[in-house]
Amino acid sequence: MHWLLHSEIPDIRLIGLRKTYGDVVAVDSVDLEIARGEFFTMLGPSGSGKTTTLRMIAGFEIPTAGTVELAGNDVSRLPPYDRPVNTVFQDYALFPHMTVQENVAYGLMVKKVPKAERRQRTIDALSVARLDGYGDRKPAQLSGGQRQRVALARAIVNNPQVLLLDEPLGALDLKLRQEMQIELKRIQREVGITFVYVTHDQEEALTMSDRVAVFNKGRIEQIGPPAEVYEHPTSEFIAGFVGVSNVIERDGRRYTVRPEKIQILAEDERSDEGSHVEEGTVRDVQYVGPVTRYHVSLDRGGELQALAQNLEETSGEVLAARGRRVRLQWRAGQESEIVEREGTE
Ligand code: ADP
Ligand code: MG
């Protein structure tokens, strides 16, 4: 992948970035380049070092070792307000006594931006965040999703070079979160600002990002476009964290195959030529509405999950599959070999 042209300076470059708190290694030697205008996501379980990395980019934490460069400039020792960066947190921390408009304009006022320009930029930011007509309300008169939009407007009004977002949708319910994922992506395209987005939610990472870095224990374990990380996980950790761990061993090698790539055949049904086939027994069935998840114990040991769309089947029919003998098949190209790096388990 060539996100960066050779002549182009990355918007963000992290070199050997490290942060320790006493004995705790929060971030362990992170190297990373993020291109201008990229929607970049740091994905990983709780405690894997995402927030600490983000806070070092923002300037809220000073690295124990390593460097943060923004557009080629070393900013590692600059305070947050001297960096061309804004941060949006999960707890949007709006000023409750100010109106929406005043909240959004606040940063410009502090920077002594002239009144007329302040007004226009505030109107523009509210419009990008689809908050036209809400300027006179107080935060308490808004829904959770609207408050998060105000927080966004308040950040983009400053025209930062980079916007850092730390689990900004974490407090919203599922429907609203999915809606805001689409909105965030639209806003990012519209304003063209580099987004660095932190989440522990794989769906969020896969739907919005140009590239994803998966964090594990303070390190980046895999980095790439969403489809590459999902379809070709390079470790068992990635296979399980980004999707369902479906690992099979063959000839001393380990492979992963995604549940939706596996087709379930009846015991006596012919498999396609050239496809890979495993035989087993359905141990459990989960009916999920649009799809059904089958847990199949393989005759030669181990277990695979297969996901099937409920095209014709009723819930009664799919649930009756429990205990049935089946054959699983997938095309050879659908599996991906796992090659663990040295030093990872
Ligand atoms: P994430 O955002 O991926 O959940 P964090 O970056 O917040 O992870 O934390 C990484 C590790 O560093 C965790 O083990 C956490 O407990 C530790 N940590 C983070 N901040 C501090 C701090 N101020 N003092 C001590 N330990 C910290
Ligand atoms: Mg965090």
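Counting starts at 1 for both ligands and their atoms, following the listed order. When a residue number appears, it is its place in the shown sequence, counting from 1.
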Is any N or O atom of Val24, backbone or side chain, closer than 3.5 Å to an N or O atom of ligand 1?
no
Can you tell me if Tyr81 has over 12 outside heavy atoms packed within less than 6.0 Å of its OH?
no
Exercise check, heavy-atom protein proximity under 4.0 Å to atom 15 (C) of ligand 1:
no
Give me the one residue out of Arg327, Arg325, Arg324 that meets salt bridge (charged side-chain N to carboxylate O under 4.0 Å, His left out) with Glu267.
Arg325
Specify the protein heavy atom at minimum distance from atom 3 (O) of ligand 1: its residue, its atom name, and the distance to 0.1 Å.
Lys50 NZ, 2.8 Å
Atoms of ligand 1 under 4.0 Å from any heavy atom of Ser46, numbered from 1 in the order shown, are 4 (O)
What protein heavy atom lies closest to atom 19 (C) of ligand 1? Include the residue and the distance to one decimal.
Tyr21 CE1, 3.6 Å
Has Arg154 got its NZ or CZ under 6.0 Å from the middle of the six-membered ring of Tyr106, at an angle within 45 degrees of the ring axis?
no
Could you check whether Arg250 pairs with Glu335 (Lys NZ or Arg NE/NH1/NH2 to Asp/Glu carboxylate O, under 4.0 Å)?
yes
Looking at Phe215, is Lys217 sitting on its ring face, NZ or CZ under 6.0 Å from the six-membered ring centre and within 45 degrees of the normal?
no
State whether the shortest distance between N or O atoms of Gly49 and N or O atoms of ligand 1 falls below 3.5 angstrom.
yes
Strictly under 4.0 Å, does any heavy atom of Ser48 approach an atom of ligand 1?
yes
Identify, for atom 12 (O) of ligand 1, the protein heavy atom at the shortest distance, and state residue, atom and that distance.
Ala26 CB, 3.2 Å
Among all protein non-hydrogen atoms, which one is nearest to atom 7 (O) of ligand 1, and what is the separation to 0.1 Å?
Thr51 CB, 3.7 Å
Give a yes or no on whether Thr51 keeps an N, O or S atom under 2.8 Å from the Mg ion (ligand 2).
yes
Tell me which protein heavy atom sits closest to atom 6 (O) of ligand 1, plus the residue, atom name and distance to 0.1 Å.
Thr52 OG1, 2.5 Å
Aromatic centroids of Phe39 and Tyr197 separated by under 6.0 Å:
yes
Heavy atom of Pro45 under 4.0 Å from ligand 1?
yes
Among all the protein's non-hydrogen atoms, which is closest to atom 10 (C) of ligand 1, and how far away is it?
Gly47 O, 3.5 Å
Does Arg283 have more than 12 heavy atoms from other residues, nucleotides or ligands lying within 6.0 Å of its CZ?
yes
How close do Gly37 and Thr194 get, counting heavy atoms only, and between which atoms?
N-OG1, 2.9 Å
Would you call Arg77 and Pro63 a side-chain contact if the rule is heavy atoms closer than 4.5 Å?
yes
